[in-house]
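To find a chain, count down the sequence lines: A is the first, B the second, and so on, and within it residues start at 1.
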Protein chains: 2
Amino acid sequence: MDAREILQNTSIRLTPVREAILGVLLNERCPMSYREVAARLPGGQDRVTLYRTLSLFLKEGIVHRVMDMKGTWRFCAHDPGHPGCPGNHPHFACRVCGRMECLMEHSLPHLEVGPETVVEGKHMVLYGICRGCAVKKTSKKEAGSS
Amino acid sequence: MDAREILQNTSIRLTPVREAILGVLLNERCPMSYREVAARLPGGQDRVTLYRTLSLFLKEGIVHRVMDMKGTWRFCAHDPGHPGCPGNHPHFACRVCGRMECLMEHSLPHLEVGPETVVEGKHMVLYGICRGCAVKKTSKKEAGSS
DNA sequence: AGATAAATGCAACAGTGTTGCAGAAAGGAG
DNA sequence: CTCCTTTCTGCAACACTGTTGCATTTATCT
Ligand SMILES: [Mn+2]
Ligand SMILES: [Mn+2]
Ligand SMILES: [Zn+2]
Ligand SMILES: [Zn+2]
């Protein structure tokens, strides 16, 4: 399912900007900051348009978002219908390369809280060093000590 | 254990600013943003000093921090030696009053990730409406419909 | 094609968090 | 106590995320 198709299944208007933005998200399939999305966009879209578009996608339920360790929102689009898709999975953030990935194979655990408290959602972010960066680091060390 | 005592157990210098800041954190015992701390401080401390002090406390291990749903760090000091104190517990953030609380009775679940990946820490934030705000809302509704 | 509602771009703003630097203060030595 | 060194504090400036208001452009429907 491509960007155009997904957008036509919603009530919002199909525009070149929206198609491009959703295209980027579908291409990467990992949570991206506005800045990362902007960098992969062809031409000078406005920051504000990008923010508004991402918020709109979120409201329409075609993306989910997570906050990373730097306090910026990251938006991610998966195939609609994917199990655990609306964001009900934990994420991993790499402090070296800054990338984030969805841990789609896990679901978020349920926690009991006090009686009156209303839990509307939950976020879980693991952080550290991703596979790619860990491997690179190891081989650098080995090269250094040889 | 008061602020002065805690600070004297570390290698950093004891200053009035630090004592005041740690005093505020110990008094509230819930994760506070720099802004909330500043509001409870007597006089015109500089923003930068506050940020630097909180970072220092973090490095010394006398506070832990969590990021809230607005992307701001919140710092919290508990009694040292409290079980699950270094921040290894989930938190709850209220979207109405903006306050955050530590769910000290829970510990963070362990998740299996890929082989090479290095997990250095994890954050879990539940969000919604806290007890206080939920009760207030309910009684307001009841008053309205009577 | 024309009308209308919505999307885009621009300017300005509020807020968090960071850095560099100069003056003030803490802690230790004599 | 006094001096000295280290480090803390405050100030100015900055980078960045995210938001709002408004004018202009564009998509969609008749
Ligand atoms: Mn995800
Ligand atoms: Mn806590
Ligand atoms: Zn990485
Ligand atoms: Zn509340």
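A straight line from CG of B/Asp46 to C1' of D/dG10 spans 5 Å, rounded to a whole angstrom. Rounded to an integer number of Å, the gap from CG of A/Leu56 to P of D/dG18 is 17 Å. If you measure from atom CG of A/Leu22 to atom P of C/dA7, you get 15 Å, rounded to the nearest angstrom. D/dC16 atom P lies 14 Å from atom CD of A/Glu36, rounded to whole Å. Remark: C1' of D/dT19 and CG of A/Leu50 are 14 Å apart, rounded to the nearest angstrom. Computed from coordinates, the A/Asp68 CG to D/dC16 P distance equals 15 Å when rounded to whole Å. For the pair B/Leu7 CG and D/dT7 C1', the interatomic distance rounds to 15 Å; values are reported in whole Å. Atom C1' of nucleotide C/dG17 and atom CG of B/Leu58 are separated by 14 Å, given to the nearest angstrom.
Heavy atoms only, all atoms of each residue included: B/Pro31 and B/His91 are closest at CG-CD2, 3.8 Å. The nearest pair of heavy atoms linking B/Trp73 to B/His123 is CZ3-CE1, 3.6 Å. Listed here is the closest heavy atom pair of B/Cys76 and B/Cys30: SG-C, 3.7 Å.
Between A/Met67 and B/Ser11, the residue anchored nearer the 5' end of DNA chain D, judged by the nucleotide with its closest heavy atom, is B/Ser11. Ranked by how close their nearest DNA chain C nucleotide is to the 5' end, B/Thr72 and A/Arg47 are led by A/Arg47.
Considering only heavy atoms from C-beta on, B/Leu108 comes within 4.5 Å of B/Pro90 through its side chain.
The hydrophobic cluster around B/Val118 extends to A/Val96, A/Ile129, counting ILVMFWY residues whose side-chain heavy atoms fall within less than 4.5 Å of a member.
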What pairs of donor and acceptor atoms, side-chain ones from residues 44-62 of chain B against any protein atom, are under 3.5 angstrom apart with sequence neighbours left out?
{"unit_1": "B/Asp46", "atom_1": "OD2", "unit_2": "B/Val48", "atom_2": "N", "d": "3.0"}
{"unit_1": "B/Thr53", "atom_1": "OG1", "unit_2": "B/Thr49", "atom_2": "O", "d": "2.6"}
{"unit_1": "B/Ser55", "atom_1": "OG", "unit_2": "B/Tyr51", "atom_2": "O", "d": "3.1"}

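For an aromatic pair to be called close, the ring centres must be under 6.0 Å apart, and B/Phe75 with B/His64 fails this.
Residue B/Arg35 places its side chain closer to C/dG15 than to any other of C/dG15, D/dC16, D/dG18. Distance from the side chain of B/Tyr34 is smallest for C/dT16 among the nucleotides C/dT8, D/dG18, C/dT16.
Contact between the side-chain N/O atoms of B/Tyr51 and the OP1/OP2 oxygens of C/dT16 is not found at any separation under 4.0 Å.
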### Message
Can you build the contact string for nucleotides 20-30 of chain C? Use B for base contact, S for sugar-phosphate-only contact, and - for no protein heavy atom under 4.0 Å.
### Response
BB---BBS---
